[in-house]
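Input: a single structure, listed below in structure tokens.
Reckoned from all heavy atoms, side chains included, excluding hydrogens, waters and symmetry mates.
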Amino acid sequence: MSSTLFRTKKVEQSILDTEEPEHALKKSLSALDLTVFGVGVIIGTGIFVLTGTVAKNNAGPAVALAFVVAGVVCALAALCYAEFASTVPVAGSAYTFSYASLGELPAWIIGWDLVLEFALGTAVVAVGWSGYIHSLMDNAGWDLPAALGTRDGADGFGFDILAAALVLILTAILVAGTKLSARVTSVVVAIKVTVVLTVIIAGSFFVVGDNYDPFIPKAQEVPAGDSLQSPLIQLMFGWAPANFGVMGIFTAASVVFFAFIGFDVVATAAEETRNPQRDMPRGILGSLLICTTLYVAVSIVVTGMQHYTDLSVTAPLADAFKATGHPWFAGFISFGAAVGLTTVCMILLLGQTRVFFAMSRDGLLPRFFSRVHPRFKTPHRPTILLGVVIAIVAGFTPLSELAELVNIGTLFAFVVVAIGVVILRRTRPDLPRSFRTPWVPLIPILSVCASLWLMLNLPTETWLRFAAWMALGIVVYFVYGRTHSRLARHEELPADEVGGPPGRGTP
């Protein structure tokens, strides 16, 4: 059984699968499109909300260093993603990479993980977007019926119609085509980046030097239940939970990591990129560099405008301008945040549908979902299915306590991809690699260690929920996936037949 659980799918076969007319996605994206996608999904709830939370509770003005730490962790993973995405330009991201290097069961596990990560991330951001729209509507004097505007409506019934409507509209856009999605994203990203630059430039005129004192507040021991630090840290290393100080920076990094989630979604669009060998590394690394720079600058400005003890934990950027007597900027920031969150939802939904599509094309999920639309050349069936499910979840379910599952799912994917790079270097040194992760195996090892460290900083409850989801996934695999896999049915071509003449079917 172990030989079937860890059977790998040859890279050449994965690439040949993308050429089947009924299962081929349209190649329409450029390096600029990928960078815009990356920036569009990364800049979202994290920078507009988490800055105040972690500054006030964990790091003080040193929240800028927390963003740097989280950015470094993502950069290590991004180097590994860039090699894989340019070498195996196939939809599915970490799932496809794992199938080529670690085997079928690990690939299923990471695919199952990504389905949860992207679905929950989409729903959480849709709910956040709804909150911003409600705020803007209230300012304009418009009110929705209680039963349609909140989950706590009349008679205990409520449905967040705005969150559900957003997901359904974005679903229709994704069905219509990835290039259309890229155009919509470009417009929204321009608005979002303008808002962030406004915070940096306008806010710098209101910075007060005394607000940076102390830059790294003195560590404070607090009861375990009141700290954002995971009890796992204390259990494994014997450290008492503490806010602020150097350890507060690392705890803050595990929280603000949510602000970086999404750059890995760029890798899911590899199959729809015109020149993935060149453009995937540029899109992944470029978007991460841009967003890290903006995050650090915003956090420095905001903690300089208002002392960290006075920062708002719900809308720190907007409220900082209110505190300095400039409410117009606050309204502009709220509008930009609401508009900007639409791209986060759309690109997370795009990433999930591509992973689902890749898994169904391999037979691990029903092949019914692997056929593309005859006109738009998009995976319309999984897009519609998942869009409807997520809309219902976003409308009915309170998700605040589950949001950290997005973090642990992403970090788990980082670990798997980093290990996969090392394994594929050893098992397939002959593969053409237009981009090579530098200093292998050092960079992948550092990526694994850094990701595990941030995972340890997450609450124990998050680990338990994650383990339960993974256990359910393993059951589904053994009940359906293992026997319906295309490899199980011997649909993979023999090694001497894959790709025909030398050079065909390789990246």
P89 side chain near T273 side chain, heavy-atom distance below 4.5 Å: no

side-chain contact (heavy atoms from CB on, under 4.5 Å) partners for A450, two or more places apart: V73, L76

L34 CG to I284 CD1 distance, which is reported to the nearest 0.5 Å: 8.0 Å

F466 vs F412 side-chain heavy atoms within contact, under 4.5 Å: yes

V39 side chain near V193 side chain, heavy-atom distance below 4.5 Å: yes

Audit row: S101, F84, side-chain contact (heavy atoms from CB on, under 4.5 Å) steps and yes/no: CA-CA 10 Å; S101 56; F84 257 130; 3.9 Å; yes

Output a table of donor-acceptor pairs, distance under 3.5 Å, between side-chain atoms of residues 196-206 and any protein atom two or more places apart or on a different chain; print 'none' if there are none.
residue: T198; atom: OG1; partner: T194; partner atom: O; Å: 2.7
residue: S204; atom: OG; partner: I200; partner atom: O; Å: 3.4
residue: S204; atom: OG; partner: I201; partner atom: O; Å: 2.6

Steps toward side-chain contact (heavy atoms from CB on, under 4.5 Å) verdict (K192, V339): CA-CA 7 Å; K192 186 157 50 176; V339 173; over 6 Å; no

Results of side chain to side chain donor-acceptor pair (under 3.5 Å) for T122 - residues two or more places apart only: none

By ring-ring contact (aromatic ring centres under 6.0 Å, His included) - contacts of F357 (at least two apart): none

Closest non-hydrogen atom pair between R354 and A91, with its separation: O-CB, 4.1 Å

Modelled atom types, side-chain donor and acceptor of N58 and T251, under 3.5 Å: no

With sequence neighbours excluded, residues passing salt bridge (charged side-chain N to carboxylate O under 4.0 Å, His left out) with R282: none

For V115 against Q352, the heavy-atom pair lying closest together: O-NE2, 3.0 Å

Distance in Å, T343 OG1 paired with L348 CG, rounded so as to fall on 0.5 Å steps: 9.0 Å

Listed partners of F329 passing ring-ring contact (aromatic ring centres under 6.0 Å, His included), at least two apart: F321

Atom of G304, atom of N211 and distance for their closest heavy-atom approach: O-ND2, 2.7 Å

CA sep, side-chain torsions, deciding dist, call: V298, F67, side-chain contact (heavy atoms from CB on, under 4.5 Å): CA-CA 10 Å; V298 165; F67 276 113; over 6 Å; no

Geometric class of the F215/Y212 ring pair [parallel <30°, tilted 30-60°, perpendicular >60°]: tilted

Minimum-distance pair of heavy atoms, taken over all atoms of A85 and P276: O-CB, 4.5 Å

Backbone N/O of L472 and side chain of W112: donor-acceptor pair under 3.5 Å: no

Contacts of Y99 that satisfy side chain to side chain donor-acceptor pair (under 3.5 Å) - sequence neighbours left out: E104, S485

Gap between atom CG of L102 and atom CD1 of I109 - 0.5 Å precision: 10.0 Å

Side-chain donor-acceptor pair present, Q277, S86, cut-off under 3.5 Å: no

Side-chain heavy atoms of W129 within contact of T342, under 4.5 Å: yes

Closest contact, heavy atoms only, G92 versus V355: O-CG2, 3.8 Å

For F414, ring-ring contact (aromatic ring centres under 6.0 Å, His included) partners two or more places apart: Y81, F257, F263

Listed partners of E83 passing salt bridge (charged side-chain N to carboxylate O under 4.0 Å, His left out), at least two apart: R425, R433

Check against side-chain contact (heavy atoms from CB on, under 4.5 Å), I408 and L411: CA-CA 5 Å; I408 196 169; L411 289 165; 5.7 Å; no

Interatomic distance, L166 atom CG to L349 atom CG [nearest 0.5 angstrom]: 9.5 Å

Closest heavy-atom pair and its distance - G351, T268: CA-OG1, 3.5 Å

Partner set under side-chain contact (heavy atoms from CB on, under 4.5 Å) for K56, not counting sequence neighbours: V313

Residues which pass side-chain contact (heavy atoms from CB on, under 4.5 Å) with A418, listed by chain and number, not counting sequence neighbours: C80, P444, S447, V448

Residues forming a side-chain contact (heavy atoms from CB on, under 4.5 Å) with V246, sequence neighbours excluded: F250

K322 backbone acceptor or donor facing D319 side chain under 3.5 Å: no

